[in-house]
> 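The structure under discussion is supplied below as structure tokens; questions concerning it will follow.
Labels below follow one simple rule: chain letters A, B, ... track the order of the sequence lines, proteins then strands, and each chain is numbered from 1. Side-chain atoms are counted along with the backbone in the values below, which use heavy atoms only and exclude waters and symmetry mates. Only a predicted model underlies this, so the values are computations on that prediction, with no experimental measurement involved.
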Protein chains: 2
Amino acid sequence: MQQGRTGPLRPTLEAVAELAGVSRATVSRVVNGGVGVRASLRERVQHAVEELGYVPNQAARTLVTRRNDAVAVVIAEPESRVFSDPFFAQQLRGISKELSSADSQLVLLLVEDTGDYQRVGRYLAGGHVDGALIFSLHQDDPLPAMARKVGMVTVFGGRPGWVGAESDHDLVYVDTDNRGGARLAVEHLVSLGRKRIATITGPLDQTSGVDRLDGYRDVLPYGDPALVAEGDFTQEGGGRAMAELLARRPDLDAVFAASDLMASAALRVLREHGRRVPEDVAVVGFDDQESVAAWTDPPLTTVRQDIEDMGRLMARLLLRRLAQEGSEVARPGSPTSVITPVRLVVRASA
Amino acid sequence: MQQGRTGPLRPTLEAVAELAGVSRATVSRVVNGGVGVRASLRERVQHAVEELGYVPNQAARTLVTRRNDAVAVVIAEPESRVFSDPFFAQQLRGISKELSSADSQLVLLLVEDTGDYQRVGRYLAGGHVDGALIFSLHQDDPLPAMARKVGMVTVFGGRPGWVGAESDHDLVYVDTDNRGGARLAVEHLVSLGRKRIATITGPLDQTSGVDRLDGYRDVLPYGDPALVAEGDFTQEGGGRAMAELLARRPDLDAVFAASDLMASAALRVLREHGRRVPEDVAVVGFDDQESVAAWTDPPLTTVRQDIEDMGRLMARLLLRRLAQEGSEVARPGSPTSVITPVRLVVRASA
DNA sequence: GTGAAAGCGCTAACAC
DNA sequence: GTGTTAGCGCTTTCAC
């Protein structure tokens, strides 16, 4: 194995102790809050720490405490949608805020191809982090099993598909009210008097995709199957689906797209085909991503979910579970999954 | 200090050694590549590892090797532009790819407000990571000094403003040819016969903003100052600047915006003010971010930089420096800063 | 309150 | 080749 770094040696507890004329134990106490140390001594130690620029070695500390003050965020998005889609970005931001206020570090793990599962599995098992936030599971994703196997405390982003299939009393997730949101969107289109309402779905191997389609069907149980086209949450997929729908049902007068990105692509394709929005075709999206929905032409009517808040919530749930683990007590009120609310934001497209 | 996690104890080297009937040293050898171990023994150990589901404890390993196989990515963007701007996203993706192929972990550190500098400083000093990739420095950013103080091997994203000001022979960065790119853009507008070419600049406390403005001035050294408005790379800022320019010089016939995001906002504002693009006003952006430039109406003519590749390059430089540090030899060819090339992508807006 | 001492799990000399 | 041993830097009983 390759030699590690050999830079200027950083000062150790030992060095501080010597300079301050106390024992290592005392220094350790001061560094960790200083309870039970006489004020005068504490001050002397603090000076020594300052003078030497001492910073605790985290590896040594973790070795004994078994804490890392770090949390992994795992995003399993083989198509690398991660960074083109503001959705993740916003969630990450919420998570980042919450974690940093708890002095915990965010460690981002991206799973791009199947080989990466190995690496991520090793990482989680390696005890680098105290817990994990896992996102955007697809069908048969090996991640949940991995996390469980190594006893990793986990909160999922979005409802995993197999909830209930196993003994998942322990499973915690945060999700938007996808189905309710879709219902809201489609009901709005109905209330506008639209008769041939199509939908561009998300990927149907993810619960968010399926749930939004279910919401559409709740309102239109006897709809024409030709009015349903599968997308994948991206602009490319959305554009393709819109073109398909137009080919199948040139007379459609409304579209509910399961993401703003897809809706924006739909607007474009509709324009290319000479349709006016909303006069000829009304369009509703899902997400209300500022950077997309407010900037389309016309601005998008869409279902708003507070994505950043979901991220914050996930982090908070995880931290709470972690805290409970530490204090062996029987869980007073074990955190449970949360479904966050949505609302319709009406702009010009429908 | 709070007790750490107390889950089921993970198997240790010791346990594997016992099960395989060998010493800890042998197991360690096998786990780390297995050189110098008889094949039969190696196999026995591997079985034991498998059976117990053994995974090395990283903290213990780091404690002795002083390696983390992890790299910090520090993004200092108080305005939280990080995640609304695909720019960072793409760089991260490049970095992530490169690091994971070197089996190194990406640890993302976001600096949102000034208090975070402390936390990040502690993190870097704490020896969590082998090196750091630092982004989007503003004027007087304390990060470079912090990194240097703790002897952190660092590669910067974008040229730090104070290059040359100190003894920075050691400083390595990756940057786009901002100035050359801006020149390309403005020359294109000139070649189109435009006479009153305005520019929306980036934030002028960042070198990328300043350099792009310099490029504009290279081509138009005697331009009217009223044709220059300061933006901040965001849509909001770009829109504001465009409105300002229109108010000052209603007769302008071209705009070079220093980012695609700002250019897209400019298109919108121009449309609102009844200008046709490109007939009345030609617009050129900078970045060529697929998700923005190709989707505007009309599609944006812009300066293309390969952002993902820059990320990859940064990671590669860092890894190389890290490797050199390990093998104490005098640096054979110390990696130096890199300026990546740009080219003009002509679409419909100019 | 403070110090002495025992590890946390691992790697790397060094013997054999 | 393989085993023995001495730490890496820290926290945490346990005496005093």
> Measuring only between side-chain heavy atoms, which start at C-beta, is D130(A) closer than 4.5 Å to R66(A)?
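No. Closest side-chain heavy atoms not under 4.5 Å.
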
> Take R61(A) and N32(A) through the side chain to side chain donor-acceptor pair (under 3.5 Å) test and state the conclusion after the steps.
CA-CA 11 Å; R61(A) 185 177 263 179; N32(A) 290 295; 3.1 Å; yes

> Strictly under 4.0 angstrom, non-hydrogen atoms only: write out the protein contact profile of nucleotides 2-9 of chain C, one letter per nucleotide from the 5' end, B, S or -.
BBB-B-BB

> Salt bridge or not between R316(A) and D309(A)? Use side-chain N to carboxylate O under 4.0 Å.
no

> T65(A) side chain N/O closer than 4.0 Å to the phosphate oxygens (OP1, OP2) of dT11(D)?
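The answer is no; no side-chain N or O of T65(A) sits under 4.0 Å from OP1 or OP2.
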
> What parts of residues 119-127 of chain B reach DNA chain C, counting only heavy atoms under 4.0 Å away?
none

> Roughly how far apart are E14(B) CD and L19(B) CG, rounded to 0.5 Å?
12.5 Å

> Rounded off to whole Å, could you give me the CD-to-C1' distance for the E43(B) and dT2(D) pair?
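Result: 18 Å.
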
> Please report, rounded to the nearest Å, how far the C1' atom of dT4(D) is from the CD atom of E14(B).
12 Å

> Shortest non-hydrogen contact from L106(B) to V107(A)?
O-CG1, 3.7 Å

> Report yes if some heavy atom in the side chain of V73(B) is under 4.5 Å from a heavy atom in the side chain of L109(B); otherwise report no.
no

> Would you say that V155(B) contacts L318(B) through its side chain, given a criterion of any heavy-atom pair below 4.5 Å between the two side chains?
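Sidechains of L318(B) and V155(B): in contact.
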
> Could you go step by step and tell me if R122(B) and D103(A) meet the salt bridge (charged side-chain N to carboxylate O under 4.0 Å, His left out) rule?
CA-CA 11 Å; R122(B) 269 207 317 281; D103(A) 248 310; 3.0 Å; yes

